[in-house]
Peer 1: 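Submitted below is the structure of interest, expressed as structure tokens.
Positions are given from 1 along the sequence. In listed order, ligands and their atoms are each counted from 1.
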Amino acid sequence: MPGFEIFGAEERKQVNEVLETGILMRYGFDGLRNNHWKAKEFETTFAKRMDVAYCQLVSSGTAALTVALASAGIGAGDEVIMPTFTFVASFESILALGAVPILVDIDDTLTLDPLAVEAAITPKTKCIMPVHMCGSMADLRTLKAICDKHRLILLEDACQALGATYEGKHVGTYGDLGCFSFDYVKTITCGEGGAIVTNDEKYALNADKYQDHGHDHIGKDRGAETHPFLGYNFRISELNAAVGLAQLEKLDGILKIQKQNYLLIREALESIKEVTFRKVPVGGEENYSFLNFFLPTQELTARAHKAILEAAVDACFYWYTNNWHYINGWEHLRNLKTLGNLPLEVKNQMQDLNNTDFSKSDAVIGRTISALIKIGWTDKQVQERAEAMKNAIASVL
Ligand SMILES: *Cc1c(COP(=O)(O)O)cnc(C)c1O
């Protein structure tokens, strides 16, 4: 996920256009800004690129999830179903609204297991939040059917899958709402930033207001605007949006190189019969930002990961023990460590995460290694990396 690898003259030019006017805010100051509306321009360009009606840019991917949930009317006591393998932003955004994260197992797609989702639905469930981890997607068709059947909102966290497609649509645009992150390590970066996409006008209008203190954005006098409902400040600055605009131009090039590098490494690993690959749902194409593969047992996987590190191959992750993308790493969530009091609804409805059986997820994540794909590698470096990984894995089998 390498946007930062190619920061250059284009980004500097965009940022300088903002610095020259000194108008760092996305709203107002019409006469002084030399007609630069970087956030607005990003939203229009991104919506077109994603083939979706609306885009709302905000200050981070976490903010995007929070604003998306709020825009769909999710609040205190509403249950949101999310996976055990994700980034902490999933439960942070849900808890921020007083809603209740309900964690369920993943399957070999490395995303929500639809059977586990259906089993977790209660009368309080409002939303299903699949997280398209490490470049590929959840079984969206099945999840959509579940949402339709139970009248639930489908909110896609596509922060790690920008550019992946499913049944001809960009992931993030299949559900009711989709979220992206443009933080520093994502496929493209704003420095910090995030976006909500939707085809639903009501959600789009809600998001527009909610992320800016409830301002209705009607007219040209900010002080005279009305506030149909309470909001918050999740605005992006023009400087961040400017970086994003330059990066967006580079997206197609990034995806192309990622795919080439991914395929070279995959080909090398395919020669090992014990290695199998992450399941991509029928109709899906990954964005190739990670190569995710399985070994037959947890013990072999831990040893293979160690051997890969010892072979000085960087950016290969064993999430099961070494990172906080998996529930094993969320001691603070499992024990509900917060600074202040949690809402009663959360206290009453949260699962006891220390005593919930996630052995199905353990059986998947315990056998998963994810290799980040960078775009700055030369062909020779990719070949050497593939060879080193192959030898390291073979050495433990
Ligand atoms: C990065 C990320 C986020 C949050 O993004 P930030 O911009 O860092 O707040 C949310 N979900 C997933 C899956 C991510 O990888």
Side-chain angles (χ1 to χ4, degrees), residues 1-4 39 42 46 55-70 80-97 101 103-104 106 109-112 127-138 140 143 154-164 170-172 174-175 177-197 207 211 232-237 239-241 243-244 247-248 258 278 286-290 292 315 317 319 323-327 329-330 333 361 365 368 370 372-373:
M1 297 197 288
F4 67 84
F42 184 100
F46 192 68
C55 168
Q56 176 68 52
L57 201 51
V58 289
S59 54
S60 71
T62 311
L65 290 167
T66 311
V67 172
L69 289 165
V80 181
I81 294 177
M82 57 161 276
T84 52
F85 176 54
T86 178
F87 181 57
V88 291
S90 307
F91 54 79
E92 287 171 351
S93 58
I94 298 165
L95 288 168
L97 294 164
L103 277 69
V104 309
I106 57 155
T109 65
L110 299 184
T111 66
L112 284 177
C127 175
I128 297 177
M129 186 198 278
V131 184
H132 306 313
M133 287 296 280
C134 302
S136 179
M137 75 267 353
L140 285 166
L143 292 177
L154 183 59
L155 165 53
E156 295 173 68
D157 178 341
C159 291
Q160 292 196 11
L162 174 58
H170 290 280
V171 304
Y174 190 91
L177 294 136
C179 291
F180 293 93
S181 166
F182 309 117
D183 78 18
Y184 191 58
V185 296
K186 295 303 202 283
T187 302
I188 63 170
T189 183
C190 289
E192 298 285 357
I196 300 124
V197 294
Q211 56 88 41
Y232 208 79
N233 181 2
F234 291 111
R235 286 192 311 262
I236 192 154
S237 88
L239 291 171
N240 294 97
V243 174
Q247 290 261 307
L248 197 46
Q258 267 180 187
R278 179 243 194 101
E286 336 182 34
N287 78 352
Y288 305 103
S289 54
F290 283 90
N292 305 278
F317 303 102
W319 313 110
N323 201 286
W324 71 338
H325 275 312
Y326 187 55
I327 186 166
W330 304 334
L333 175 72
S361 302
I365 291 295
T368 303
S370 299
L372 182 69
I373 305 295

Peer 1: Between Ser59 and Ile236 (side chain of the first, backbone of the second, donor and acceptor by atom type, cut-off under 3.5 Å), is there such a pair?
Peer 2: no

Peer 1: Below 4.0 angstrom from a heavy atom of Ala89, which ligand 1 atoms are there? Numbered from 1 as shown, please.
Peer 2: 4 (C), 10 (C)

Peer 1: Given Met129 and Leu69, is the side-chain contact (heavy atoms from CB on, under 4.5 Å) satisfied, shown in steps?
Peer 2: CA-CA 10 Å; Met129 186 198 278; Leu69 289 165; 4.1 Å; yes

Peer 1: Which is closest to atom 2 (C) of ligand 1 by heavy-atom distance: His325, Lys186, Gln160, Met129?
Peer 2: Lys186

Peer 1: Classify the contact between Thr62 and ligand 1 as side chain, backbone, both or neither, using a heavy-atom distance cut-off of under 4.0 Å.
Peer 2: both

Peer 1: Verify whether one side chain among Ser370 and Trp319 offers a donor that lies under 3.5 Å from an acceptor in the other.
Peer 2: yes

Peer 1: Report, in ascending order of atom number, the atoms of ligand 1 lying under 4.0 Å from any heavy atom of Gly61.
Peer 2: 4 (C), 5 (O), 6 (P), 7 (O), 9 (O)

Peer 1: Compare all side-chain heavy atoms of Thr86 with those of Trp330 and state whether any distance is below 4.5 angstrom.
Peer 2: yes

Peer 1: Before signing off on this row, confirm whether Glu192 and ligand 1 have an N or O atom pair separated by under 3.5 Å.
Peer 2: no

Peer 1: Need the ligand 1 atom indices (1-based, order shown) with element for anything under 4.0 Å from a heavy-atom of Val131.
Peer 2: 13 (C)

Peer 1: Once ring pair (Phe, Tyr, Trp, His ring centres under 6.0 Å) is applied, do any residues pair with Phe234, and if so which ones, sequence neighbours excluded?
Peer 2: Tyr232

Peer 1: Counting from 1, what ligand 1 atoms have a heavy atom of Asp183 closer than 4.0 Å?
Peer 2: 1 (C), 6 (P), 7 (O), 8 (O)

Peer 1: Ser60 heavy atoms, cut-off 4.0 Å: which ligand 1 atoms fall inside?
Peer 2: 7 (O), 9 (O)

Peer 1: Just wondering, do Met133 and Phe85 contact through their side chains at under 4.5 Å, heavy atoms?
Peer 2: yes

